[in-house]
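Working notes, structure below.
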Amino acid sequence: MAKTIQAIRGMHDVLPEQTPLWQAVEATIREVLSAYGYSEIRLPIVEKTELFKRSIGEVTDIVEKEMYTFDDRNGESLTLRPEGTAGCLRASLEHGLLPNQSHRLWYYGPMYRHERPQKGRYRQFIQLGVETYGMPGPEIDAELLLIMERLWQKLGLRAHVRLELNSLGTLAERAVYREQLVTYFETHSQQLDDDSKRRLHTNPLRILDSKNPALTEVIANAPVLFDYLGEDSKAHFTAVTDLLTHLGIAYQINPRLVRGLDYYSKTVFEWVTEQLGAQGTVCAGGRYDGLIEQLSGKTGHAIGFAMGMERLLALLENQNTLALAKPVQVYLVRVGEQAQRPGLYFAERLRDAIPHLKLQVNMEGGSFKSQFKKADKSGADYAIIVGDDEVAQGVISIKSLRDEQGQRALTDAEAIRFFQQLYL
RNA sequence: GUGGGCGUAGCUCAGUUGGCAGAGUGCAGGAUUGUGAUUCCUGUUGUCGCGGGUUCGACCCCCGUCGCUCACCCCA
């Protein structure tokens, strides 16, 4: 058993038992996004390493130690995408969707980060990404949150998530604040733990988010980012919160909310839950106006978010709010030499008559008993029986597996009509 | 990268101060020569994660290793 090849650590199979839930969630997501006029964009999973280094930030953990990077045959360094924003923006710039245009886009697919797996954190994980370009005003910030609000409600998860909100200001404003913050923490460095001392040089804003209770006091007395924001940033943030209030979306301002990626500015947000242990962030995002200029040299506006699908599914597994599709509605049992071909032919006629009918034909053989067991296990509503007796009499037998309707013998045409009335 | 817990049948898990490897479930067959889900009977599944050591003897003790899992870090 140990010799058989296993999946790569942190990369999981979604088994048939789980796929109906995934499909239901995916359908709900498409429904909500299309209600707001968003278009799907499909992007490569591999990009040039340089793209991620330049957009995410050279000194972030993702770039420093979590990327799946390898050399192509021509010696060029390539990387399995650790997130979607950079690739989406790259594609949009490359194909002239930017700048000076507005777009509302979404994508869905696997991302890769070489981290130690734990609950809600995997090396391959599926993200839904939503990105919008060309809209500087606070209304698009609010629209993204409205989309999520609507999605939570459709999924029956509204009570399980909380919206936290903050503004990081512009890159320039944050740089000034960052300097002040580093100075402050340096003068209090004897009160910092090892992790925080390390962050002082990598990502000092992260210290504010520390889980160490010993740091509560130092953090509480630290300079507050909001005081360093310019008039424009403050007005933008106020407008966003005002819109949310009037649209009836509950939120909490979290002045210590700091996104991990370098490119964020102004509005940032996280939807968090208490139910997933340490990985409580299910959906997060923010504005990244500066990244467009960074990658293209031209100014622009962008805001988006990403949602972790495995985390969403983990939340959903405790619920029972979605109607899941059955893989099989009707199961056809064939018994006896004379019944094999006629059973198969009838199945095709039935599929012609009801194209979306989910009809499975038993080909495993076996006794009546075992075929009925499989019919029952398939979850089908009805079993169709084609046996030698039926063939001799020119009929098809139909038996309900979910109630006490009993069994009936019908001609082919009657049987087709019977199922048409039920499923067409 | 660091630390804790756990690896026994397809699945969920018992097990013994070191002495023939178990149950439930699933699967197959039968009771019912053509009828599932309930009931009863019978049968079936193992390199006890892998490698080494100690021992007359190791699923059990020791060392190493791999995997899973949870937490730190970080993030969706």
Side-chain angles (χ1 to χ4, degrees), chain A residues 1-10 12 15 17 56 59-66 81-85 108-130 193-196 198-199 202-203 206 209-212 258-261 269-273 276-285 304-315 331 333-336 339 362 364 366-392 397-404 406-407 409:
Chain A
M1 201 154 76
K3 283 172 197 152
T4 59
I5 296 175
Q6 294 178 302
I8 296 167
R9 166 174 240 193
H12 293 287
L15 298 177
E17 198 182 333
I56 297 170
V59 296
T60 55
D61 273 22
I62 290 179
V63 169
E64 278 188 336
K65 51 190 189 193
E66 293 175 1
R81 60 183 186 192
E83 55 99 53
T85 298
Y108 180 90
M111 306 293 165
Y112 300 84
R113 292 183 199 171
H114 192 100
E115 303 179 272
R116 192 81 165 255
Q118 69 185 71
K119 189 184 182 69
R121 193 175 75 185
Y122 308 101
R123 288 184 174 180
Q124 174 183 286
F125 57 101
I126 309 285
Q127 270 190 351
L128 166 72
V130 177
D193 57 14
D194 288 347
D195 271 335
S196 297
R198 181 177 49 75
R199 290 185 189 121
T202 56
N203 195 345
R206 271 267 153 212
D209 218 7
S210 173
K211 290 175 187 171
N212 188 344
V258 173
R259 305 289 313 127
L261 282 48
F269 55 87
E270 285 189 5
W271 293 88
V272 296
T273 178
L276 294 182
Q279 260 59 48
T281 304
V282 182
C283 172
F305 65 79
M307 182 167 69
M309 291 300 295
E310 285 82 0
R311 291 181 185 181
L312 177 68
L313 270 280
L315 266 184
Y331 190 98
V333 165
R334 298 177 298 163
V335 176
N362 179 289
E364 297 92 322
S367 66
F368 241 93
K369 187 190 186 76
S370 69
Q371 291 203 37
F372 261 89
K373 270 192 176 178
K374 289 191 172 78
D376 185 49
K377 258 191 82 174
S378 77
D381 303 318
Y382 287 90
I384 297 175
I385 302 130
V386 181
D388 288 344
D389 292 357
E390 278 79 4
V391 173
S397 292
I398 296 169
K399 180 178 181 180
S400 169
L401 296 172
R402 304 299 154 204
D403 54 39
E404 298 304 323
Q407 188 168 322

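Just so we're on the same page: letters track the sequence lines, and every chain starts at 1.
Comment: A/R123 does not engage A/E115 in a salt bridge, judged by the lack of any side-chain N to carboxylate O separation of less than 4.0 angstrom. Using a 4.0 Å cut-off between charged nitrogen and carboxylate oxygen, A/K373 and A/D376 do not count as a salt-bridge pair.
Under 3.5 Å, the side chain of A/K399 and the base of B/U35 form at least one donor-acceptor pair of N or O atoms. A donor and an acceptor atom never sit less than 3.5 Å apart when one is taken from the side chain of A/Q371 and the other from the base of B/U35. At a cut-off of 3.5 angstrom, the base of B/C66 holds no donor-acceptor pair with the side chain of A/R9.
In this structure, A/I126 reaches neither bases nor backbone, as no heavy-atom distance under 4.0 Å exists between it and the strands shown. Residue A/A284 is classed as a sugar-phosphate contact, given heavy-atom separations below 4.0 Å to backbone atoms only. Among the heavy atoms of the strands lying under 4.0 Å from A/K374 are primed sugar atoms or P, OP1, OP2 only; no base atom is included. If you check every strand for non-hydrogen atoms under 4.0 Å, A/V282 touches sugar and phosphate atoms only. In this structure, A/E66 reaches the sugar-phosphate backbone alone: every heavy-atom distance under 4.0 Å involves primed, P, OP1 or OP2 atoms, never a base. When heavy atoms are screened at a 4.0 angstrom cut-off, A/Y122 is found touching base atoms of the nucleic acid. A/G120 comes within contact range of at least one nucleobase, with a heavy-atom separation under 4.0 Å. Heavy atoms of A/H114 sit nowhere under 4.0 angstrom from any nucleic acid atom.
B/G19 and B/C59: their C1' atoms are spaced 13 Å apart (whole Å).
The phosphate of B/A71 has OP1 or OP2 within less than 4.0 Å of a side-chain N or O from A/Q118. Dashed line: the shortest gap from a side-chain N or O of A/K377 to OP1 or OP2 of B/C27 is under 4.0 Å.
Side chain to side chain, A/Q127 and A/E83 fail the donor-acceptor criterion of an N or O pair below 3.5 Å.
Between the CZ atom of A/R121 and the P atom of B/U69 there is a distance of 12 Å, rounded to whole Å.
A residue-by-residue look at A/K373 and A/R123 shows that A/K373 has its nearest nucleotide of RNA chain B further toward the 5' end. Residue A/S367 is the one, among A/S367 and A/I8, whose nearest nucleotide of RNA chain B lies closer to the 5' end (criterion: closest heavy atom).
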